[in-house]
Amino acid sequence: MQEYKLFIGGEWTDSATDKTFYDINPATLDTLASLQVAGKDDVDRAVEAAWEAFKTWSETPPPKRAMVLFRAARILEERKEELAVLMTQEMGKVLPETRGDVQEAIDITLYAAGEGRRMLGETTTSELKDKFCMTVLQPIGVIGVITPWNFPMAIPAWKLMPALVAGNSIVMKPASDTPLLTIKLVEVLMEAGLSPGVINLVFGPGETVGKAVVHQPEIRAISFTGSLETGKWIMGECAKAMKRVSLELGGKNPIIIMGDADIDLAVDGVLWGAFGTTGQRCTAASRVIVHEEVKDEFTKRLLGRTQVLRIGNGLDPKTDVGPVINESQLSKIEKYIHIGQNEGANLLTGGKITNPGLPGFFFEPTIFTDVGPDMRIAQEEIFGPVVSLIPVSGLDEAIEVANNTSYGLSSSIYTRDISSAFRAIKKIEAGITYINSSTIGAEVHLSFGGVKGTGNGFREAGTDAIKEFTEVKAVYFDYSGKLQKAQID
Ligand code: NAP
């Protein structure tokens, strides 16, 4: 079993604590690695190393910084299969999905590398004669990055690659359930020529190590992806310190199925949205808002397809649905089944912890019908293979139900009517809307993020990727040779 120290200043160094924790395969419960837990002093050391490295890295021309990323993308491509297998062992999702996760990391690496020759500011006019105005993008400094476990390589890459090409240095705390894939990503970057200290890794519980990163006074900005609860706390702490913070949080993503929808296509989309990644995606379809006209037919076809899904080890090509991430997540899902039943929803199928001949954390794909829009199972993020069917009688009601949550990440509508599609685009409160496709499957050249409780206005990836990790400076160049006063002269 591999043992990991902390990665600080380009070296694997001992932590100041004598604590370790273990990285466990959620399907087999095999131990994959042990990792040292960082203390507050280690976080301080990591920040010091990052500021030291920042001096040179921020002065390196962006196209040269980008070359490191281009080389990293090539190495990731060569190791894609090996990394995907390791990811399935560490996180549980099925191999085609972990291949997709690594591919997303490759895509964002190439996309961010391309920004090395763009990083566009603006040139604009001046209200005064002989004066030139422009904006330039500058790195922020040392950034604290805190990530969840459900996209072990894609989410770290979404943050690291734009932050790096923009000239920042990083102190990163990956999720305790999936640190290995972050380590592999950083190893690839070092192999590609990243200077020591530009990325530093500290491991351990969010409650101690994550908090130490958030509270470290020399860290200028926090980039966080995770739950609403943690995100709210981080935002509050950053507000007290006037620290910049970008948040990508949870979702309670709706799929609307109208009476004119292609039902088989909608069933495909709901199956993939609800049970892909065992329902553990921020964009998972956890609410299906279905028109009364097609409710019975849709429910019958969805039930048939759900009951034949095969649960098992994600490395087995016959598996459709892998394990959930850990025991506490398994208990949380089970708790929500009782909540749904007590609220009066109808448990159509699933609802139980199961054992496909492995000791890990498996839960049956579950469908609730006759769900009311205000029930807790229709409001709170369960983050497991559980979908709630909510009947409605028209588009306005469907949109009202879709918007009736504190989240606003992804959304979808199945309809053949172009007016319904455009009304949904306009009226659904979400950062993403799909037409005739599921709620999942973002592409890296489009901005990603959500509204309301899903975030605080930032977007990742796409043309917004660089904005999250740069400060804008307005530059005024007066060549008139005299004092000119804007708004006065
Ligand atoms: P989480 O419990 O909030 O943890 C996320 C990260 O924060 C982990 O590294 C965790 O460390 C750390 N952490 C926990 N408490 C902390 C604290 N007080 N201060 C600083 N760091 C802290 O979320 P999760 O269960 O890992 O991830 C699932 C959630 O992420 C879901 O809500 C999902 O919707 C959301 N998510 C959102 C997006 C998006 O882009 N919008 C994408 C993926 C996932 P430990 O691992 O040590 O606990």
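One-based numbering, in listed order, for ligands and for the atoms of each. Quick note: numbers below take in every heavy atom, side chains included, and nothing from hydrogens, waters or symmetry partners.
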Indicate, with yes or no, if the rings of F151 and W158 have centres closer together than 6.0 Å. no
Would you check the N or O atoms of K173, main chain and side chain alike, for any that come under 3.5 Å of an N or O of ligand 1? yes
Polar contacts were defined as any N/O atom of the residue lying under 3.5 Å from an N/O atom of the ligand; does this apply to R281 and ligand 1? no
Using a 4.0 Å heavy-atom cut-off, say whether [X] meets ligand 1 through its side chain, its backbone, both or neither.
{"X": "I155", "answer": "side chain"}
{"X": "N150", "answer": "side chain"}
{"X": "E229", "answer": "neither"}

Which residues pass the side-chain hydrogen bond (donor to acceptor under 3.5 Å, both in side chains) test with D30, sequence neighbours left out? T28
Atoms of ligand 1 less than 4.0 Å from [X] heavy atoms?
{"X": "K211", "result": "18 (N), 19 (N), 20 (C)"}
{"X": "G204", "result": "47 (O)"}
{"X": "I146", "result": "6 (C), 7 (O), 9 (O), 12 (C), 20 (C), 21 (N)"}
{"X": "F383", "result": "28 (C), 31 (C), 33 (C), 34 (O)"}
{"X": "P205", "result": "47 (O)"}

Mind checking salt bridge (charged side-chain N to carboxylate O under 4.0 Å, His left out) for E187 and listing every partner two or more places apart, or none if nothing turns up? K184
